[in-house]
Amino acid sequence: MDSPRYRFAPSPTGFFHVGGARTALYNWALVQRTGGTFVLRIEDTDESRNSPEWTQGIIDALAWLGIDSSSPRFEGPYFQSANAGLHRDAAMGLFEEGKAYWCDLTAEQVQARAKETGGQGYDGHSRDRGLGPGPGHVLRFRVPEGMTVVDDLVRGRVEFQNDTIEDFVLLRGNGSPMFLLANVVDDIEMRITHVVRAEEHLPNTPKQQLLWDALGHAAPVWAHVPVLVNEQRKKLSKRRDKVALEQYRAEGILADAMINYLMTLGWAPAGDTEIVPWERIVGDFRLEDVNHSPAFFDVKKLAAFNGDHVRMMSPEAFIEASQPFLQGDVPWAHERFDAGTFARVAPLIQTRIGALSEIPAMVDFFFLADPPSDPDAWTKTMSSDFAADALDAMSAGLAACPWDAESVKAVLEAFTDARGLKLGKTQAPVRVAVTGRTVGPPLFESIQILGRDESMRRITAARARID
RNA sequence: GCUCCCAUCGUCUAGUGGCCUAGGACACCACCCUCUCAAGGUGGCGGCACGGGUUCGAAUCCCGUUGGGAGUGCCA
């Protein structure tokens, strides 16, 4: 028995859709499990959607998801447009066998006829007119009588009465092949055994199966997985919804988190936790277990998954993953950045991060010449009756204490106790003086890392502003 | 309109006739921990769309209703 051949056949539309990502992942998981092959085919039949950089974008996105185009399990990319000759040959073969026929009606005429008769779609007008090819003539498939049964791995048995399927177009008036034809011919040509794709293709499937039959081949195993929807329960759309994989990547969503989350949409790993490594997914994933109903793509839950994966990283891995967010568009002057400082802070912020893009705002005060200014934070913390005294106490204490977080803390504690206050209160003005913000990494560790001179300078400067 | 698909907490799901007083996760709330914010811990809120069958027994099987969704192109 030959090893299974799965395929992923996106049309290049400029960015990579999260729904496509999930479909690709499903295919990839199956390929890994069964020792099969992942075939990438770019469906560029429509000439308007054809651009080399988009193809590269797809390959990059797949690579990010762990679908490595240099893997021996990976085949492609193939381009549908390159097979146009094959598609036409297949169509002509069908015509010669009487399984397809030419029709001279334009799309408008088809519509007009349907309206007239109260019917819908194409009515088979040219079925027996014996037309030959000609300018503007389209080749239509002669849908046979009877019933078409689609055996679907996730849906089960789905029946279609053939008389509800119109004689669809194979070749356009200009001779170019239509998607349905191209798709089937390519799948046959590439010896595809499993077609795993989104549910929106299910209504097309009987037509494709009919084509497989007519072309003399046994249909592949079908599997239609539910679509991803937005909060309104509508199919995710690039117009309204945030669907570009690249965008999530740019915001600091980890690939592992995205992969893990996407896999739990329509499916769940066994056990009490959904946070699982890819190896577990490969071992457990089965199409038969995939849910039948659409799943809401919940960005909040994605963020939660991301937080979990961020926390699972080793400190080294976290520092490594942070790099892109410390270099590009950052609030500080690049030459002020210090990798050693960041390495010391990293563990302190790792539990405080949702997406990696939140990192700069959490560490900026280390690399800015002066702490960021936030009027609200300032008035809120500096207007208390103990703020000035707290800063004075810190100035005095920090000048002489041993330089470690515990000692720094002891200085503030001494002041706090003497005033009968709480550390939670008194730390606020100090925090704003040093970091510019009311929230952030642990204060005393931050002061230790910032250094005695700079910390005291900031505290003194803040104290001066109060009067 | 027509064809097809679907229906368990707000959301993602577990559940394949008795183990279900329906389990977990996200979100939300409370408490604990605590130098802020997180993280972590503990607890709470909350669901089998409805109506009929079948069965000793239905979230699980069947039928209907209702409600969602997808498709309906000389797009892919």
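So that the names make sense, note that chain A is the first sequence line, chain B the second, and so on, each numbered from 1.
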Novice: In terms of the angle between their ring planes, are Phe318(A) and Phe342(A) parallel, tilted or perpendicular, with boundaries placed at 30° and 60°?
Specialist: parallel

Novice: Rounding to the closest angstrom, what is the interatomic distance between A59(B) and A76(B) at atom P?
Specialist: 48 Å

Novice: What about Phe141(A) and Phe168(A), are their ring centers closer than 6.0 Å?
Specialist: yes

Novice: Under a 3.5 Å cut-off for both contacts, is C33(B) paired Watson-Crick or G-U wobble with anything, and if yes, with which nucleotide?
Specialist: none

Novice: Could you tell me whether Arg129(A) and Asp104(A) have a side-chain N and a carboxylate O separated by less than 4.0 Å?
Specialist: yes

Novice: Could you measure between the two C1' atoms, the one in U34(B) and the one in A25(B), and give it in whole Å?
Specialist: 26 Å

Novice: Walk me through it: do Phe95(A) and Tyr101(A) pass the test ring pair (Phe, Tyr, Trp, His ring centres under 6.0 Å)?
Specialist: CA-CA 6 Å; Phe95(A) 170 65; Tyr101(A) 60 89; 9.1 Å; no

Novice: Under 4.0 Å between a side-chain N or O of Arg233(A) and OP1 or OP2 of G10(B)?
Specialist: no

Novice: Taking the six-membered ring for Trp, are Trp222(A) and Trp212(A) parallel (under 30°), tilted (30 to 60°) or perpendicular (over 60°)?
Specialist: perpendicular

Novice: I want to verify a distance call: between C35(B), C2(B), C74(B), whose nearest atom is closest to the Lys409(A) side chain?
Specialist: C35(B)

Novice: Quick check, are the ring centers of Tyr248(A) and Phe297(A) under 6.0 angstrom apart?
Specialist: yes

Novice: Of all the choices, C5(B), C6(B), G71(B), which nucleotide is nearest to the side chain of His292(A) once you look at every atom?
Specialist: C6(B)

Novice: From NZ of Lys235(A) over to C1' of G68(B), roughly how many Å is that when rounded to an integer?
Specialist: 16 Å

Novice: Does the ring of Tyr122(A) carry Arg140(A) above it, NZ/CZ under 6.0 angstrom from centre and within 45° of its axis?
Specialist: yes

Novice: Which whole number of Å gives the distance between the C1' atom of A22(B) and that of G67(B)?
Specialist: 23 Å

Novice: Can you tell me whether the side chain of Thr351(A) and the base of A39(B) have a donor-acceptor pair closer than 3.5 Å?
Specialist: no

Novice: Which nucleotide sits closest to the side chain of Leu443(A): C35(B), U3(B), G23(B)?
Specialist: C35(B)

Novice: Could you tell me which nucleotide pairs with C75(B) by Watson-Crick or G-U wobble geometry, both distances under 3.5 Å, or answer none if nothing does?
Specialist: none

Novice: If A25(B) has a Watson-Crick or G-U wobble mate with both distances under 3.5 Å, name it; if not, just say none.
Specialist: U11(B)

Novice: Whole-Å distance between C12(B) P and Glu231(A) CD?
Specialist: 10 Å

Novice: Both Glu166(A) and Val158(A) contact RNA chain B. Which one's nearest nucleotide lies toward the 5' end?
Specialist: Val158(A)

Novice: Can a side chain N or O of Lys301(A) be found less than 4.0 Å away from OP1 or OP2 on A25(B)?
Specialist: no

Novice: Distance between the P atoms of U42(B) and G53(B), in whole angstroms?
Specialist: 46 Å

Novice: Work out how far the C1' atom of C45(B) is from that of A58(B), and round it to whole angstrom.
Specialist: 27 Å

Novice: The side chain of Arg172(A) is closest to which nucleotide in this list: A14(B), C75(B), G71(B)?
Specialist: C75(B)

Novice: Could you measure between the two C1' atoms, the one in C33(B) and the one in G47(B), and give it in whole Å?
Specialist: 33 Å

Novice: The side chain of Ala295(A) lies closest to which of these nucleotides: C35(B), G69(B), U13(B)?
Specialist: U13(B)

Novice: Using a heavy-atom cut-off of 4.0 Å across all strands, would you classify Phe160(A) as base, sugar-phosphate, or nothing?
Specialist: sugar-phosphate

Novice: Does A58(B) pair with anything, Watson-Crick or G-U wobble, both distances under 3.5 Å, and if so, with which nucleotide?
Specialist: none

Novice: Measure the distance from CZ on Arg22(A) to P on C12(B) and round it to the nearest whole Å.
Specialist: 12 Å

Novice: Select one nucleotide: of C12(B), C74(B), A76(B), the one nearest the side-chain heavy atoms of Arg140(A).
Specialist: C74(B)

Novice: Work out how far the C1' atom of G71(B) is from that of U11(B), and round it to whole angstrom.
Specialist: 26 Å

Novice: Under 4.0 Å between a side-chain N/O of Arg352(A) and OP1 or OP2 of U36(B), yes or no?
Specialist: no

Novice: Looking at Arg431(A), I'd like to know whether one of its side-chain N or O atoms comes within less than 4.0 Å of OP1 or OP2 on C37(B).
Specialist: no

Novice: Please determine whether a side-chain nitrogen or oxygen atom of Lys300(A) lies at a distance below 4.0 Å from atom OP1 or OP2 of G10(B).
Specialist: no

Novice: With a 3.5 angstrom cut-off on both distances, give the Watson-Crick or G-U wobble partner of C4(B), or none if there isn't one.
Specialist: G69(B)

Novice: Taking the same atom, C1', in G43(B) and in G52(B), what whole-Å distance lies between them?
Specialist: 41 Å

Novice: Between Asn204(A) and Gln427(A), which residue's closest nucleotide on RNA chain B lies nearer the 5′ terminus?
Specialist: Gln427(A)

Novice: Decide yes or no, distance alone: a donor-acceptor N/O pair under 3.5 angstrom between the base of G24(B) and the side-chain of Glu274(A).
Specialist: yes

Novice: Assess whether one donor atom and one acceptor atom, taken from the side chain of Glu200(A) and the base of C4(B), lie less than 3.5 Å apart.
Specialist: no

